[in-house]
2 protein chains.
Amino acid sequence: MSRTLPHPTREQIELPLVLDCLSDPIRLAIVYQLAQQERVSSELRCGDFNGLSGKSNLTYHFAKLRDCGLMQTRVAGTNRFMRLRRDDLEARFPGLLDAVLKSAAKDAEKLKLAPVCDVVEAG
Amino acid sequence: MSRTLPHPTREQIELPLVLDCLSDPIRLAIVYQLAQQERVSSELRCGDFNGLSGKSNLTYHFAKLRDCGLMQTRVAGTNRFMRLRRDDLEARFPGLLDAVLKSAAKDAEKLKLAPVCDVVEAG
DNA sequence: CCTTATGTTCAATGATTATTGAACTATCGA
DNA sequence: TCGATAGTTCAATAATCATTGAACATAAGG
């Protein structure tokens, strides 16, 4: 059916919604994992997050992340590819996403985040 | 009544709780106003926030802000003085509070935050 | 003492939230 | 065409949330 999903424009991204989205452990883990993977590929499929929760629950969280402007979803066949809206976030709220990701990285264990590799680099 | 209120230690401050606290417009306004005032005085009374909501609702939000470690409450007579736990936040999540405050400042109008130099003394 | 000003506690309410599973749609590959 | 794969939709649930007002507690000041 619809090949494109609704996303807010850069200007429509709002701080309380972004913070609320990031305050949920599952959504934070999604964003974190997305950020981790960015160097390899800017996109991940829904299925790459199946370890975090059930599929229908993930659909729910993906919608929230998309609605608040944190990530963009691209439909390709039966797959949905998602990426962080880094530039939009940075333009809108400079330094915010990095600060959150760095904070999350500090508590990676406690937050049960993907222990893949280091997300932070020295400034 | 107990003269001291319970606060989490620096190490007990957790990212999701902090983000969730900051995601509420009223609480964000409280934190913002507290940050604005910091150069003049590090503390504000509960009553200084009466413009944001009713007293009992503010008590509720103050408790959330205190419980998550964002602010500290000091009891003095019939007054409660509150301040931002800037150093603890900075130690725990470097750059996070500043990024949020800067982001909030960008949307000050939209978020109906107190104008910079305008500290209301009604009465 | 009494009054006033400060802020809390409590109960009730309506709204939102995260989660689950079953049923469903749509696409790809053999 | 058939069957497997990827993900959504829907309804139901339990939990938490923000908000309100009334009643309460405490301290300061006359």
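Atom set for the values below is all heavy atoms of this structure, side chains included, hydrogens, waters and symmetry mates excluded.
Arg27(A) contributes no side-chain N or O that, together with a main-chain N or O of His61(A), makes up a donor-acceptor pair within less than 3.5 Å.
The shortest side-chain heavy-atom distance between Asp20(B) and Leu19(A) does not fall under the 4.5 Å cut-off. Side-chain contact check for Gln37(A) versus Glu43(A): every heavy-atom pair is 4.5 Å or farther apart.
Protein atom CZ of Phe49(B) is 12 Å distant from nucleotide atom P of dT8(C), rounded to whole Å. For Asn57(B) and dG7(C), the CG to P distance is 15 Å, given to the nearest whole Å. Counting to the nearest Å, the P atom of dC17(D) and the CG atom of Leu19(A) are 16 Å from each other. Following rounding to the nearest Å, Ile30(B) (CD1) and dG7(C) (C1') show an atom-to-atom distance of 14 Å.
Where Gly77(A) and Asp24(A) each meet DNA chain C at their nearest nucleotide, the meeting point lying more 5' is that of Asp24(A). When each of Gly54(B) and Ala76(B) is assigned the nucleotide of DNA chain D with its nearest heavy atom, Gly54(B) is the one assigned upstream, toward the 5' end.
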For residues 45-52 of chain A, which side-chain donor-acceptor pairs fall under 3.5 Å, sequence neighbours excluded?
from	atom 1	to	atom 2	distance (Å)
Asp48(A)	OD2	Arg45(A)	N	2.8
Asn50(A)	ND2	Gly47(A)	O	3.3

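In plain terms, the two heavy atoms of Leu84(B) and Leu97(B) that are nearest each other are CD1-CD2, 4.2 Å.
For His61(B), no side-chain nitrogen or oxygen approaches OP1 or OP2 of dC17(D) to under 4.0 Å.
Applying the side chain to side chain contact (heavy atoms under 4.5 Å, CB included) test to Thr73(A) and every residue at least two apart in sequence or in another chain returns Leu5(A), His7(A), Arg66(A), Met71(A), Arg80(A), Met82(A).
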Nucleotide N/O to protein N/O under 3.5 Å, stretch nucleotides 6-14 of chain D:
from	atom 1	to	atom 2	distance (Å)
dA6(D)	O4'	Thr78(A)	OG1	3.2
dA6(D)	O3'	Thr78(A)	O	3.4
dA6(D)	O3'	Asn79(A)	OD1	3.0
dG7(D)	OP1	Cys46(A)	N	3.2
dG7(D)	OP2	Gly47(A)	N	2.9
dG7(D)	N7	Lys55(A)	NZ	2.6
dT8(D)	OP2	Thr59(A)	OG1	2.4

